[in-house]
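First comes the structure, then the notes that go with it.
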Number of protein chains: 2
Amino acid sequence: MTETTTPKYKVKKAPRFSDHPEPGYALRGRIWLEKDGELYVGWGRVMLLERIDQLGSISRAARSMGLGYRNAWLWVEAMNRLAPAPLVEKSSGGAGGGHARLTLAGHEVIAEYKALRARFQEFLKQSA
Amino acid sequence: MTETTTPKYKVKKAPRFSDHPEPGYALRGRIWLEKDGELYVGWGRVMLLERIDQLGSISRAARSMGLGYRNAWLWVEAMNRLAPAPLVEKSSGGAGGGHARLTLAGHEVIAEYKALRARFQEFLKQSA
DNA sequence: GAGCGTTATATCGGTCGTAATATAACCAGT
DNA sequence: ACTGGTTATATTACGACCGATATAACGCTC
């Protein structure tokens with residue numbers, strides 16, 4: 001008999017951002033900010049904010065990072081709702097169809113999170 | 001008209017372990033160990049190892065922490081496979097139906113991860 | 001060898017998040 | 001007015017993970 005090597009169980013997954021599946025053992029981790037237990041800012045959202053800042057629109061930012069527009073829009077919506085002041089200023093219609101720009105608060109959040117993340121990466125490296 | 005307040009979108013989630021949904025802003029995070037990009041040890045798995053050590057069986061450990069036996073078994077299987085040496089020693093049949101015990105390596109992994117986690121908690125507190 | 005509780009394994013169904021798709025609203029330019 | 005690309009929103013479909021369930025294998029005890 002051909003004994004089709006029983007496929008066992010599959011365990012893999014495909015995380016969304018910044019995965020460097022190195023060989024051997026590795027210490028990995030994630031950090032994020034919550035507001036009242038709800039996700040406020042994480043790495044993906046910060047990347048989105050940066051792209052919006054660079055490209056001027058949610059849809060372009062989403063496309064550029066392989067993210068669906070729907071999700072991108074939901075994320076922006078959530079961040080604006082959870083932040084003390086909106087991070088992204090949106091407008092539909094008009095020249096070019098519309099646009100989205102970062103507010104000062106948006107830029108600040110990017111800077112804060114990236115600084116935090118840098119310290120965290122350092123922590124992971126130290127602890128490895 | 002009664003205008004049934006459009007339910008909008010839902011965003012909530014229900015993480016598995018150690019969640020303390022505090023009000024206001026909070027820095028949260030998770031760390032885990034991977035082997036070749038696959039999850040090796042995380043908080044849930046360490047909890048499982050501890051329960052196995054205390055209760056002497058996978059099924060009792062699983063029940064005690066509201067985890068399905070299937071998952072508990074899969075986790076143990078994965079950990080044993082990914083570890084340099086098995087963390088859990090299993091045997092079926094016999095007195096009591098069978099049992100599972102931690103190896104020395106199992107105890108070491110628990111200690112290592114918990115120490116790491118403690119440092120991480122400290123990091124989160126400092127960075128908040 | 002019958003019983004028992006555990007390990008071991010397969011299968012089905014629900015749930016949840018995301019992808020894909022579709023469509024409307026918007027509005028400065030022309 | 002019409003155009004064009006974006007924001008805004010709903011709907012559907014799909015795939016992964018988990019819970020529940022079922023059943024076999026195991027081996028000590030009686």
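Lettering follows sequence order; numbering is per chain, from 1.
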Expressed as a whole number of angstroms, how long is the span from [X]:[atom1] to [N]:[atom2]?
| X | N | atom1 | atom2 | value |
| --- | --- | --- | --- | --- |
| A:R63 | C:dA19 | CZ | P | 15 Å |
| A:E77 | D:dA10 | CD | C1' | 15 Å |
| B:R101 | C:dT6 | CZ | P | 13 Å |
| B:L55 | C:dT6 | CG | P | 11 Å |
| B:M65 | D:dG19 | CE | P | 11 Å |
| A:H99 | D:dT6 | NE2 | P | 12 Å |
| B:E89 | C:dT7 | CD | P | 13 Å |
| A:I58 | D:dG5 | CD1 | P | 18 Å |

**Prompt:** Could you run down nucleotides 24-29 of chain D 5' to 3' and tag each one B, S or - for protein heavy-atom contact under 4.0 Å?
**Reply:** --BBSS
Between [Y] and [X], does any NZ, NE, NH1 or NH2 come within less than 4.0 Å of an OD or OE carboxylate oxygen?
| X | Y | value |
| --- | --- | --- |
| A:E38 | A:R81 | yes |
| B:K90 | B:E77 | yes |
| B:R117 | B:E122 | no |
| A:R101 | A:E89 | no |

**Request:** Determine to 10° how strongly the helix from C:dG1-D:dC30 to C:dT30-D:dA1 is bent, judged from the axes of its five-pair ends.
**Result:**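 About 10° separates the two local helix axes.
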**Asked** When you measure from the side chain of A:W73, which nucleotide among C:dT18, D:dT9, D:dT6 comes out closest?
**Response**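 When the side chain of A:W73 is considered, D:dT9 is the closest of C:dT18, D:dT9, D:dT6.
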Polar pairs (N or O, both sides) under 3.5 Å between protein and nucleotides 20-22 of chain C?
none

**A:L87-B:L27 co-clustered via ILVMFWY side chain contacts under 4.5 Å** =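 Same cluster: A:L87 reaches B:L27 through Ile, Leu, Val, Met, Phe, Trp or Tyr contacts under 4.5 Å.
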Does OP1 or OP2 of [N] have a side-chain N or O of [X] closer than 4.0 Å?
| X | N | answer |
| --- | --- | --- |
| A:K90 | D:dT6 | no |
| B:N71 | D:dG19 | yes |
| A:S59 | D:dT7 | yes |

**Message:** With a 3.5 Å distance limit and no angle check, can you tell me whether B:R45 reaches the backbone of B:L39 through a side-chain donor-acceptor pair?
**Reply:**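 Pair found, side chain donor or acceptor close to backbone of B:L39.
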**Message:** Tell me if a side-chain donor or acceptor on B:T103 pairs with a main-chain N or O of B:P86 at a distance below 3.5 Å.
**Reply:**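 At least one qualifying donor-acceptor pair exists.
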Are [X] and [Y] close enough that some pair of their side-chain heavy atoms sits under 4.5 Å apart?
| X | Y | answer |
| --- | --- | --- |
| A:M65 | A:M47 | yes |
| B:R28 | B:L124 | no |
| A:R119 | B:F123 | yes |

**Item:** Pair A:W32, A:E34: side-chain N/O donor-acceptor within cut-off below 3.5 Å
**Value:**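 Short answer, yes.
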**Quiz item: cation-pi between B:K35 and B:Y40, 6.0 Å / 45°** = no
